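This one's a predicted model, so the numbers in the text were calculated from it and none came from an experiment. Letters go in sequence order (proteins before strands), and every chain restarts at 1.
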Amino acid sequence: MMVARIDVRSLSKSFTLHTQGGVRIPVFAGLDLRVHAGECVCLHGPSGAGKSTLLRSLYANYKPDSGEILVMHDGAAIDLASAEPWRVVEVRRRTVGYVSQFLRVIPRVPTRDIVAEPARIWGLPGEEADARAGDLLSRLNIPRRLWSLAPATFSGGEQQRVNIARSFVVDYPVLLLDEPTASLDAANRQIVIALIREAKARGTAVVGIFHDAEVREAVADRLFEVAQFQRAA
Amino acid sequence: MTTVSATRPERMTRASAAVRKPLLKVEGLNKSFGRTVACRNIDFTLYPGEVIGIVGESGSGKSTLLNCLSGRLAPDAGSIAYDLRRGSEDAPLVDILTLSEPERRMLMRTDWGFVHQNPRDGLRMAVSAGGNIGERPMAIGARHYGDIRREAEDWLARVEIDIDRIDDKPRVFSGGMQQRLQIARNLVTRPRLVFMDEPTGGLDVSVQARLLDLLRGLVRDLGIAAVVVTHDLAVVRLLADRLMVMWRGDVVEAGLTDQVLDDPHHPYTQLLVSSVLQA
Amino acid sequence: MTGDYNFAYLDEQTKRMIRRTLLKALAIPGYQVPFGGREMPLAYGWGTGGIQVTASVIGPRDVLKVIDQGADDTTNAVSIRRFFERVADVATTEKTTDATIIQTRHRVPEANLVEGQILVYQVPQPEPLRRLEPRETETRKMHAYGEYGLMQVKLYEDIAQFGHIATTYDYPVIVNGRYLTAPSPIPKFDNPKMQDNPAIQLFGAGREKRIYAIPPYTTVKSLDFDDHPFTVQRWDGACALCGATDSYLDEVVLDDRGKRMFVCSDTDYCGQRRAAGHVGEQPDMDDALEPEAR
C-alpha cells in the first residue's frame, strides 16, 4: 500500500508587486497534487506556467496565499504552509531535500564541506558525512583535487553537480529537483538519472522540473500540468 | 491508501511546540523617544540555537530593539522573558526587566554576549588579546593563570588568530582581527544568546566573508542562539534562520530567511530586496 | 601654641563632618566614602587627605609621628610634623612605639602596631580600578556588585608581560572579603602587615575627596592567582647599618662607580636596632662614602 508523502490541497499562489504599482500576478489556484513514496512527478507546462513557483512552495521557500502542503515528517503530516519556521527548518533538515538551479556559494567553505553539511545537520558523524560526500563527488566526476576548494570558481556544470551531490548526501524521503541536469553533459546526465532512480527505489517521493526529454522519460512516472490551475487563479 | 488527514497537522504542531521551550520570548515591546516611536508592539520568540536577523534601514528601530533586548535600554512597555533555568531546566521564563541590576549584569557577562559593530566598543584596547578573552572567566571566578591562558589560546585558534599574538594589544590588530577577538571574548563563557550589531559593518568585503563564515561555524558548532541586526541582506542570508523586517518602528514582515528574501510580501521588504545590487 | 588657628587647623564643623565620614568608613571596611575635602595650606599630592584625617582625630594628649617612605627626616614628614606642632601643639616623636597617631606616606612601620594606635595613610588615588575603568559611574557599580574580574585582568597582564605579578606597590587588596581597596602606594612588602592589624588604619585622599578605613583585626587579602600566589619582596643581603634581614631595604648609591649599600627604609626601626646593639656590615654610612663624596 502506497503512502502519500506529499499532499497538496487547494493551493493558491499569486504575487503582488508593490514596487510596480501594486500589480497582482496570479500563478495558480485550487491546485491539488499527491505524490506517493517511490513516485516521480514531473511538473510540466510552458515557461511561466508556475512550475518553479509550485516547487518552491513545496519547499516553503514561497508562501502560498491559501491551501495546505502536507508533508509526511516523522510519521505525521506537517502543513508547510502554516507550520512555524522552526518546524519548517526541521522538515527541511530531515525530510525534504531541494536541488535549486544554482548553487549558492558560501565564501571560503570547501566543496567537500558544502556537500557534507546537510548530512552533518541531519545528524551523521563528521567522518561518515565526509565519506558520503566524497562518494557522491567521485560519482559525479568532481576531481578530488577540487574537493578542498570553494566552488566559487567552478564552471556552471561543476557547480550544478556539487549542488546535486549536496542534496543526495542525505536520503531524504522527499526530493524536489529544479532542472537538475540543465547544464550537464550527457555522461553526467546519466549519472543524475541513476541517482534519481536509486532514490525512487528507496521509496523517495520526487517532484521535479525536467526540460530535458531524455531525463524526463527516464525518471518521471507521470506529468503534472501546472497550467491547468492557471485559469482558476 | 492511507490518508494523511488522519492526523491533524495543527494538533501535531501544538503538541510538539509544548515540548520545545523558547529561549527568549518578547511580547508587546514598545519604545519611543519623545514623539518618535522607535519600536511598536514587537512580539517574537527565539528558540535555543536559532539565529534571527533583524533588517531595516537606518532609523527603522532595529538598533533600539537590540538595545532593549540586551538590557542596555529600558523599553516603555512590554516584557522580555528569558530562560534563566533558575532552579531547574524547566523553570519558567523570567522577564529580564524584573531582574536587579547586578543579576542583569551577571547575565550579560556569562550567558549572554554582545558583539558591537565597532570592536573598540567591545574590546579593552589597552589590554592584551589574552586578557580580553580572560576577562569574562576571571569575572566569574577563574583564578588559575595557566588555565585562563590555555583557554585564551584555544579561543584565539578558534577565531583564527595566531597564538603568538596572545600578548599583543588589540590596537595593533587589523579591523577583521579585532572583530574576531571581540567574538572570542564574548563566546569564551559559552553564552546561550549573543546579540550582534552589524557584526561585519566597517570591514572590507573580503574580510567580511571570512568573518561571516567563522561566525556561522561557531554559532552552529556551539548551538548558540543569536539576534543579528544588520542592513546587509547577504549577512542574514548566510547567518540567520529567520528574519524580521523593521520599518518605521514596526516589524512589517517576519519568517524564514529565504522565504522573506525570495518571496517578500510587504512593499518595504520588496523594495529592500529589489534594491540589492547583484554583483 | 596654636596662635590664631583653631586646634589642629580645621574648624570644628569640618572635623565633625570628617569624623562622621570616618565612622561610616570604619563601618564598611574598604569602602570609599566621599567627604567635603577642604583646601589645606599645601598642595594636593603633599598629603592633604592624610592631614585632614589626622587633624580630625588628633587630641591635645596625642603623640604624633610622621613618616615619608619610612623616614622621619624627609621634607614632607618634617613639614607635616611641624604643621601639627604649630596648629595643635601636640607632642611628636620618631619612635613608632611611642606614637598614638602615625601619619604615613608610602610605608607601614616595621614595628608591630598595637591596639589604640592609629595609622593614617596619605592616598593619591583611592580607586584601584581607575586606570582600568575611567568611568566613575561604572567603578561605583563594580564596587556595589563586587565585580572585580577587571582587577584580576590587570594582574593577568602583569604575568603575561613579565612572567610574574610585577605590581610592587599599591598592590590591590580585598578588605573584609568584600571591597577591593587600594592600600595607597606602600610596597607590597607591607601588605601582609595590614592583615589583622590591632591598630586602626585610616586612608585620606585629598584631591579625590575620599576616605576609607580598615578597622582593627580585619582580613586584608592581596589578590593573586592560584598558580601565581602573592609573595613579598626579599633581599639577598641585610641592612648594612643594623644587620636586619626582616625589614624593607632601600638601595643607597654611594658613588658613580656602582658602589651601593642597602639600608632599612624605616629609620626608626634601624635606629632602635642599632641602639640595642645590632650591627651590620658597614655600621657607619659616612665611612662607606669616598672622601670626595662626603
Side-chain angles (χ1 to χ4, degrees), chain B residues 71-72 99-113 120-153 155-156 161 163-172 181 184-186 188-189, chain C residues 28 31 125 127-168 170-175 177-180 188 191 219-231:
Chain B
R72 305 157 68 82
L99 294 180
S100 67
E101 193 178 24
E103 285 176 311
R104 204 154 56 227
R105 286 167 68 103
M106 178 58 103
L107 181 66
M108 285 168 77
R109 61 169 191 265
T110 52
D111 212 17
W112 285 11
R120 274 181 288 279
D121 296 332
L123 289 173
R124 294 197 187 275
M125 299 306 278
V127 168
S128 70
N132 264 289
I133 298 175
E135 183 174 345
R136 275 177 162 232
M138 285 186 257
I140 53 174
R143 290 293 179 268
H144 190 284
Y145 176 82
D147 291 349
I148 295 165
R149 185 115 178 135
R150 268 188 294 281
E151 190 157 31
E153 285 173 350
W155 274 97
L156 284 177
I161 295 175
I163 290 175
D164 295 344
R165 308 296 301 269
I166 190 167
D167 294 328
D168 291 351
K169 307 261 194 294
R171 71 167 80 91
V172 301
L181 180 62
R185 174 179 154 88
N186 271 282
V188 62
T189 49
Chain C
I28 318 169
Y31 172 72
Q125 174 52 266
E127 179 48 73
L129 294 163
R130 180 59 66 234
R131 260 192 260 170
L132 303 162
E133 174 53 68
R135 291 167 297 178
E136 173 70 14
T137 48
E138 185 64 15
T139 51
R140 283 201 199 187
K141 280 185 180 171
M142 292 160 87
H143 283 296
Y145 307 143
E147 297 174 0
Y148 294 139
L150 193 54
M151 195 76 241
Q152 211 73 29
V153 172
K154 163 76 175 70
L155 301 182
Y156 168 94
E157 291 290 285
D158 265 11
I159 302 174
Q161 204 178 341
F162 305 108
H164 59 96
I165 298 175
T167 303
T168 52
D170 211 353
Y171 190 105
V173 294
I174 297 281
V175 174
R178 176 59 182 87
Y179 282 99
L180 177 71
K188 67 175 181 175
N191 273 24
T219 306
V220 178
K221 188 185 179 307
S222 303
L223 293 183
D224 61 3
F225 286 97
D226 297 345
D227 49 344
H228 286 264
F230 174 81
T231 52

All heavy atoms of C:A160 vs all of B:D167, minimum pair found to be CB-OD1, 3.4 Å
When only pairs under 4.5 Å are counted, which of B:R136, B:E101, B:R149 shares the most heavy-atom pairs with chain C?
-> B:E101
Roughly how far, to the nearest 0.5 Å, is the NZ atom of C:K154 from the CD atom of B:E135?
-> 14.0 Å
Which heavy-atom pair separates B:R124 from C:L132 by the least distance, and what is that distance?
-> NH1-O, 3.7 Å
Begin from the C-alpha positions of C:D227 and B:H144 and carry the test side chain to side chain donor-acceptor pair (under 3.5 Å) through to its verdict.
-> CA-CA 6 Å; C:D227 49 344; B:H144 190 284; 3.2 Å; yes
Aromatic rings B:Y145 and C:Y156: how do their planes relate, parallel, tilted or perpendicular, breaks at 30° and 60°?
-> tilted
Please tell me if the side chains of B:M138 and C:F225 come closer than 4.5 Å, counting only heavy atoms from C-beta onward.
-> yes
Is chain C contacted by the side chain of B:I140, its backbone, both, or neither, given a heavy-atom distance below 4.5 Å?
-> neither
Is it the backbone or the side chain of B:R109 that comes under 4.5 Å from a heavy atom of chain C, or both, or neither?
-> side chain
Test side-chain contact (heavy atoms from CB on, under 4.5 Å) applied to B:M106 and C:E147, step by step = CA-CA 9 Å; B:M106 178 58 103; C:E147 297 174 0; over 6 Å; no
Of the listed B:G130, B:S100, B:A142, B:A126, the one with the largest count of heavy-atom pairs under 4.5 Å with chain C is B:G130
Inspect the surroundings of CZ in C:R130 and state if more than 12 heavy atoms from other residues, nucleotides or ligands are less than 6.0 Å away.
-> yes
Before accepting this row, confirm whether a basic side-chain N of the pair C:E138/B:R105 lies closer than 4.0 Å to the acidic partner's carboxylate O.
-> yes
Whether C:Q152 side chain and B:A139 backbone form a donor-acceptor pair below 3.5 Å | no
Where do B:K169 and C:E157 land on the side-chain contact (heavy atoms from CB on, under 4.5 Å) test, with the steps shown first?
-> CA-CA 10 Å; B:K169 307 261 194 294; C:E157 291 290 285; 4.1 Å; yes
